[in-house]
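Quick caveat, the model's predicted, so the values are computed rather than measured.
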2 protein chains.
Amino acid sequence: MGTSAGLTERERDVLRAIIQDYISSAEPVGSRSVARKYGFRLSPATIRNIMADLAELGYLDQPHTSAGRVPTDLGYRVYVDSLMSRRPLTRAEESMIERKFRPPQGEVEDLMREASKLLSGLSRSVGVVLVPRVDQLAVKRIEFFHLAGERVLVILITTSGQVHHSMVILDEVIPQDELNKIARLLNTLVEGLSLSRVRQLLVKKMAEEKAMYDELLRRALKLGQKSFAGDMEGEVYIGGTANIMDQPEFADVEKMRSIFAAFEETSKLVKILDQCLTQEALTTIIGSENVIRELQDLSLVTAPYWCGEHLLGTLGVIGPTRMEYSRIIPLVDFTAKLVSRHLTEVAS
Amino acid sequence: MGTSAGLTERERDVLRAIIQDYISSAEPVGSRSVARKYGFRLSPATIRNIMADLAELGYLDQPHTSAGRVPTDLGYRVYVDSLMSRRPLTRAEESMIERKFRPPQGEVEDLMREASKLLSGLSRSVGVVLVPRVDQLAVKRIEFFHLAGERVLVILITTSGQVHHSMVILDEVIPQDELNKIARLLNTLVEGLSLSRVRQLLVKKMAEEKAMYDELLRRALKLGQKSFAGDMEGEVYIGGTANIMDQPEFADVEKMRSIFAAFEETSKLVKILDQCLTQEALTTIIGSENVIRELQDLSLVTAPYWCGEHLLGTLGVIGPTRMEYSRIIPLVDFTAKLVSRHLTEVAS
DNA sequence: GGCTAGCACTCTCATCTTATGAGTGCTAAT
DNA sequence: ATTAGCACTCATAAGATGAGAGTGCTAGCC
């Protein structure tokens, strides 16, 4: 498996033991305790030699000369990719989670919020749910409401049941009944198309229309373009941020401050979660693999969720690099499936 | 002025000096520095006597026997109510704030978010904006969209330009064109009424209708009732939580954890902000005056904001009890006016 | 009576020292 | 290859000490 190809079975065993021990204790682990707890028939001295090798290869680090070893981000990477036992959740655990997840009927947004709470509660870390910019979503319907003067309220409904509304300011006053006509016209044009498609379509039509003189269509295209131009930026629901403070590695206030600031700066978070989304599979980002500087002491486990066969967004857990990957990964995986199921039901 | 009636002018001067000093230094303040810095023509010993009196009256406290004095919550209360100089913002400051507040066109929600950011940035504390349960808001329009099966998407627009959407599940399938008829009917009934009024009206009509046999009206009333039954719970936008960590008094991780947990538990926050709202004026809640235990080390300054003559919500700042009230209070006051102005413009 | 100087006393905080113990790296023996 | 033994390193915790800030009280002064 790539990076760990050069390791002997014994080295792999030791590395696994060290990482597991460190994950549960948060203390640098010494040769003695590895030899003792993990039933190797080897003396501490031998373990020390192995550890020195692993350190040289970059999988382990020592905080200072006379301390035990601590996994590096690379070490965790190897652990997650090829050392860890990937035990799926038991039936009992799954049904426990299902019970905990009270599917709110009502707004889809509540479902997201609930999911982030669920994730943070179960992982005792931070739960995140990304509802990405909805480029890929299919439009079900668009409506306009005249507010006042040139202001028009645009309401956009996707097939997945999400609702986006925004206000646009026009150059001219268009009365409500004309807005209705425009909406009807646009709906026939765009229904079922993805947002990105719609945008393309409108531009194309607009170009064709230059020559023509159908006032209604002209207005419709213009309004449509304004409506769909909106940022449509991803939104991210974050839950359980306070859990981060339980981790001993973040006793330092300064470090914590920067992490919390990063959580508030959602746009960065959106960007990275967006990247995870493109993987269309469970993704782990460990420590310094993260491009966001402030989050380089944290790890991220994400999985995509779907509405029917539409890829909708990502959800996951942010926790210390020293997180229990073997527990969190199946948890995130299952939660994504759970959310997908609910969303699919709603849309059906 | 009530609580401070018994104080001599000199005692008031000393108390003011101590509080101001403590606010800017975060250190217990001693008799010596009061005498020196504040140009009293009194010796430290005399100041000490006065301080002892003030302590006895409950305005000051000492962390330990040989430390300086620290204001109590009661002390801050007197300070805010009758000691503090209530200097309003200068023109320059006001225009600076106005420049900083980029009024986002688009969704009203963004305006709230932006306002909480503005508040937190300027106060270097936590900014909060409450959009309360919209009972008092007037309905502009209601619309229904058929989603799938018995599921119907309800969209509710208020005169202030806020949009609420929720999904209701009916007992029967109603096709879109009938939904449209129902919407038209309901709109004539409810337009311009406040939500609480609408609810009353629907119940009343429903009772009258028992006898009658207009199927459409019956359906409309039922759907209307379901639509307006939703929790409509207040929502709160919180910005700048990380700022709390800068305060020396929250170096203790455990204390901070509970504060952050309280921020996430928004429902409590909503409740207290709702109370502030009923004051219809600038409100200060100092330390232990707060009913939320976790926030009893913090103070809250709030002011209501309006949309036209409609009271819409509250916004404000949460910071350490040791906050610069004389700066924060005018700031909150002005921001509320600023937000009101924007909202009023949008609605006009 | 109100004010102040002086002084003993208290308590925190920073600094230093010391001891402890976990853990390493290396060498030499098996 | 593995291990026992040993010298060495370094963080951490526990006293010890001293400085400094501040108080409360008493006695004297205007």
* With a non-hydrogen cut-off below 4.0 angstrom, is B/Thr65 in contact with a base, only sugar-phosphate, or nothing? ->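 Counting heavy atoms under 4.0 Å across all strands, the contact made by B/Thr65 is with sugar-phosphate only.
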
* Any idea which heavy atoms bring B/Glu249 and B/Lys255 closest together, and the distance? ->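 Scanning both residues, the minimum pair turns out to be O-CD, 4.4 Å.
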
Think [X] has a side-chain N or O under 4.0 angstrom from the OP1 or OP2 of [N]?
| X | N | value |
| --- | --- | --- |
| B/Ser43 | C/dT4 | yes |
| A/Gln62 | D/dA11 | no |
| A/Arg48 | C/dA22 | no |
| A/Arg36 | C/dA22 | no |
| A/Arg10 | D/dT2 | yes |
| B/Thr46 | C/dT4 | yes |

* To do: Side-chain contact test, heavy atoms from C-beta onward, threshold under 4.5 Å: evaluate it for A/Ile23 versus A/Tyr79 and give yes or no.
  =>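 When only atoms from C-beta onward are counted, A/Tyr79 and A/Ile23 do touch, with a gap below 4.5 Å.
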
Nearest-Å distance for atom pair [atom1]/[atom2], residues [X] and [N]:
| X | N | atom1 | atom2 | result |
| --- | --- | --- | --- | --- |
| B/Met51 | D/dT23 | CE | C1' | 9 Å |
| A/Asn49 | C/dT24 | CG | C1' | 11 Å |
| A/His64 | D/dC8 | NE2 | P | 18 Å |
| A/Leu60 | C/dT24 | CG | P | 11 Å |
| A/Glu9 | D/dA1 | CD | P | 19 Å |
| A/Ile50 | D/dA1 | CD1 | C1' | 11 Å |
| B/Ile47 | C/dC3 | CD1 | C1' | 11 Å |
| B/Asp53 | D/dT23 | CG | C1' | 15 Å |

* With the threshold set at 4.0 Å, does a side-chain nitrogen-carboxylate oxygen contact exist between B/Arg257 and A/Asp246? ->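 Yes, charged N to carboxylate O under 4.0 Å.
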
* Thinking salt bridges, do B/Arg327 and B/Glu93 make one under a 4.0 Å N-O criterion? ->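 Result for this pair is no, no salt bridge flagged.
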
* Relative to the 5' end of DNA chain C, which residue comes earlier, B/Leu42 or B/Ser66, by the nucleotide with the nearest heavy atom? ->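 Nearest-nucleotide comparison on DNA chain C picks B/Leu42.
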
* To do: Any chance you could measure B/Gln275, atom CD, to B/Asn290, atom CG, to the nearest 0.5 Å?
  =>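 So the CD of B/Gln275 and the CG of B/Asn290 are separated by 9.0 Å.
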
